[in-house]
2 protein chains.
Amino acid sequence: MLDKREKRILGAVIHNYIATALPVGSRTIAKKYRLDLSPATIRNCMADLEEAGYLTHPHTSAGRIPTDKGYRFYVNRLMEREDLSREEKARIEKEYSNRMNRIDQIMEETSQVLSLFSHYTGFVLAPNLEESIFHHLELIPLENGRILSILVTGSGLVKNRIIEIEKVLSQERLQKILALINNRLPNLPFKRIKEFISDQLKIEGQAKGIWELMDQIFTWDGAEELYLGGRINILEHPEFRDLTRTKSIFQALEEKRLLTAVLNKTASSEGVRILIGKEARWRKIKDLSLVTSTYRINGLPAGVLGVIGPRRMEYSKVVSLVDFMAKMVSEVLTNLSHTIISSRRVGK
Amino acid sequence: MLDKREKRILGAVIHNYIATALPVGSRTIAKKYRLDLSPATIRNCMADLEEAGYLTHPHTSAGRIPTDKGYRFYVNRLMEREDLSREEKARIEKEYSNRMNRIDQIMEETSQVLSLFSHYTGFVLAPNLEESIFHHLELIPLENGRILSILVTGSGLVKNRIIEIEKVLSQERLQKILALINNRLPNLPFKRIKEFISDQLKIEGQAKGIWELMDQIFTWDGAEELYLGGRINILEHPEFRDLTRTKSIFQALEEKRLLTAVLNKTASSEGVRILIGKEARWRKIKDLSLVTSTYRINGLPAGVLGVIGPRRMEYSKVVSLVDFMAKMVSEVLTNLSHTIISSRRVGK
DNA sequence: CCTTAGCACTCATCAAATAAGAGTGCTAAT
DNA sequence: ATTAGCACTCTTATTTGATGAGTGCTAAGG
């Protein structure tokens, strides 16, 4: 365990490194932070911290820079949360207010705001369908047994695609099925829909063609939608002057699958999560950190949003920002979902 | 007018500069291109070309590089089209084959293919709604007079958004209107829909609430959807080593509005269009060139696709690629639209 | 025993100096 | 009209030396 002095010095090093991106030496700390210690003492202490794995040396005679472990300790134990000022919150809310009724607009805008206020790259992973609830289905028949299926979720997300079935169903038949679905399924979570349908079909002795249709409608590849805002912000930071590295990072950002995979691994616990460098266990983003939070619809986890930036990130600010945005999005989406769900009572 | 020799030399300079990104000198040309002229002669000639505005000097004792005017001449008069090889076409078709039934997937995939085969950045501007034809409308009522409107175009594009109206319409009323619309409007171009509706309403003496609703459904902001693929490819090219410039270019790419504006200005003439550097009349992309083509649905202009890269672009190859992809997309979308439109005859 | 001053040593970075090379533009010869 | 030759310019790469930040160690002081 680190003693009090070591903590203070570690904190000072990280704080300074975050601000400057330059290796920080003992003198700097002695001068800038009122520790009342001589550089020499600090040097000794830093040597200890290095041995313990919290700091490293880029080369023999340079200052220290934090390791992943160092950042982790800072984030867990040292860092104080820097709440957003009232003005900032107001600005965000203003950025946010207009025309926020299409869910994809909300996602897009959120990723923009996250990047704008953090100066890093913002992202939003769209609501996970499995976790959503069903609201409405439309089927528009095309030729050759093709059908355009339009699926509306409880959160107002609209998913459409063209499906093909072997057995051609008549128009009346289709209408009947549709009515049945829109009558029985609303508010059912998607992950329980298939079993529900198969149960119902058994009871009512319906044909196989319908099951085939249903199966296609309610099956989708896991490719969730990822919104990224402010990719260029990455270029702002000195550690990415070097194009060779930067390029691989842009490649990583372009590969939505990668990010999606990483994000899906972060457990959907409460609050803000931080993933530093190699902790993400993904080579391509080993020099990046993620600050993420889960947003919820009606209290149920729906998706993930957050910020991607250099390991040397202003965690204290970013954490507050991400937290705030997660709550904001949760609220907006929950409201939207109420609008939609309660329409059942009023409209029909 | 340039004489034969000047043309050959200009062609050689540009060809070489495209390949190397380095200013090209008289010796290089004398050696690499069988012009049977001494460097000195070539120098004289290049001086003339410079005076005429086709070439420049970065500094006194460097080789020549082409100006916008030089590129323009090259593209218009000198360049031979380098057709795609059979293998390339086969590869593209293979990349393209799978699951191409959702229109947004087609757009996404097309932009990817464009970037993959050009090594520049590919883009597709989604079909312009104004030019599309109506196919189907669904209205799903929510509470408080909110309505989820789902609009299907003749090309299979699905647009959905939530609209609000003052006067609450009853469920039956809504159904009636919907039936009417889906009966009368199909195959009508969107740009003629509003007048059509207002005519109809007059004849049938319907209430104002309906006009308000219709107006909202068939009005949209011009924000068309832009798909970009392979942004990073820009980083591959030596002229963008310099981060300062590169950053502004990424900003430009991020600003979809900008690109959309530029693209909408390129007239929808036949075939491939090339925009070089400042010709686009937009400061931020003054160091970039665009190669674009219009794709069509049933012979009617629907949208624009193409490639964005450095001014020093391999125009001869890229032109063929863009041309090919435009034809490909036209075909795919036209087929898709047939599937959808003919469903009227079969399904209903 | 902890802290600190002092000092030798290591690297990285910067600037100036130098060298090399590419390319031009001009002149004079062919 | 073409070309060879040459002086001149400017860029780029390389070397060199100086500077300075920072460490690690040792020994002295509280």
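Letters A, B, ... mirror the listed sequences (proteins, then strands); counts begin at 1.
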Take the protein atom CD of A/Glu50 and the nucleotide atom C1' of D/dG22, then report the distance between them rounded to whole Å.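 To the nearest whole Å, that distance equals 13 Å.
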Specify the separation, in whole Å, of atom CZ of B/Arg43 and atom P of D/dT9.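 Spelled out: CZ on B/Arg43 to P on D/dT9 is 16 Å.
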When the ring planes of A/His237 and A/Tyr120 are compared, do they come out parallel, tilted or perpendicular, using 30° and 60° as the limits?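 Correct class here is parallel.
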Mind telling me whether A/His15 and A/Tyr33 have parallel, tilted or perpendicular rings, with 30° and 60° as the class edges?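 A/Tyr33 vs A/His15 ring planes: perpendicular.
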Counting distance only, does the side-chain N/O of [X] pair as donor-acceptor with the main-chain N or O of [Y] below 3.5 Å?
X: A/Ser118; Y: A/Val318; value: no
X: A/Asn16; Y: A/Thr28; value: no
X: A/Lys256; Y: A/Leu226; value: yes
X: B/Arg64; Y: B/Val24; value: no

Which atoms form the tightest heavy-atom contact between [X] and [Y], and what is the distance?
X: A/Ile92; Y: A/Met325; result: CG2-SD, 3.7 Å
X: A/Arg273; Y: A/Gly271; result: NH1-O, 3.5 Å
X: A/Phe240; Y: A/Ile234; result: CD1-O, 3.4 Å

Sub-3.5 Å pairs of nitrogen or oxygen atoms, protein against nucleotides 27-29 of chain D:
none

Please figure out whether A/Met46 or B/Asn44 has its closest DNA chain D nucleotide nearer the 5' end.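 That would be B/Asn44.
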Closest-nucleotide ordering on DNA chain D, the 5'-leading residue of A/Arg27 and A/Ala40: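 Its nearest nucleotide lies further toward 5', so the answer is A/Arg27.
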I'd like the 5' and 3' limits of the part of DNA chain C contacted by chain B, with heavy-atom contacts below 4.0 Å.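 That gives a stretch of C/dA22 to C/dG25.
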Applying a 4.0 Å non-hydrogen cut-off, can you work out what B/Thr60 is touching in the nucleic acid: base, sugar-phosphate, or nothing?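 Contact class for B/Thr60: sugar-phosphate only.
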Using the side chain to side chain donor-acceptor pair (under 3.5 Å) definition, which of the options A/Lys286, A/Arg72, A/Arg311 pairs with A/Glu279?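 When A/Lys286, A/Arg72, A/Arg311 are each tested with A/Glu279, the side chain to side chain donor-acceptor pair (under 3.5 Å) holds only for A/Arg72.
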When the ring centroid of A/Phe117 is compared with that of A/Phe324, is the distance short of 6.0 Å?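 No; A/Phe324 has its ring centre 6.0 Å or more from that of A/Phe117.
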Which atom pairs link the protein and nucleotides 11-20 of chain D when you take only N or O atoms and keep those under 3.5 Å?
none

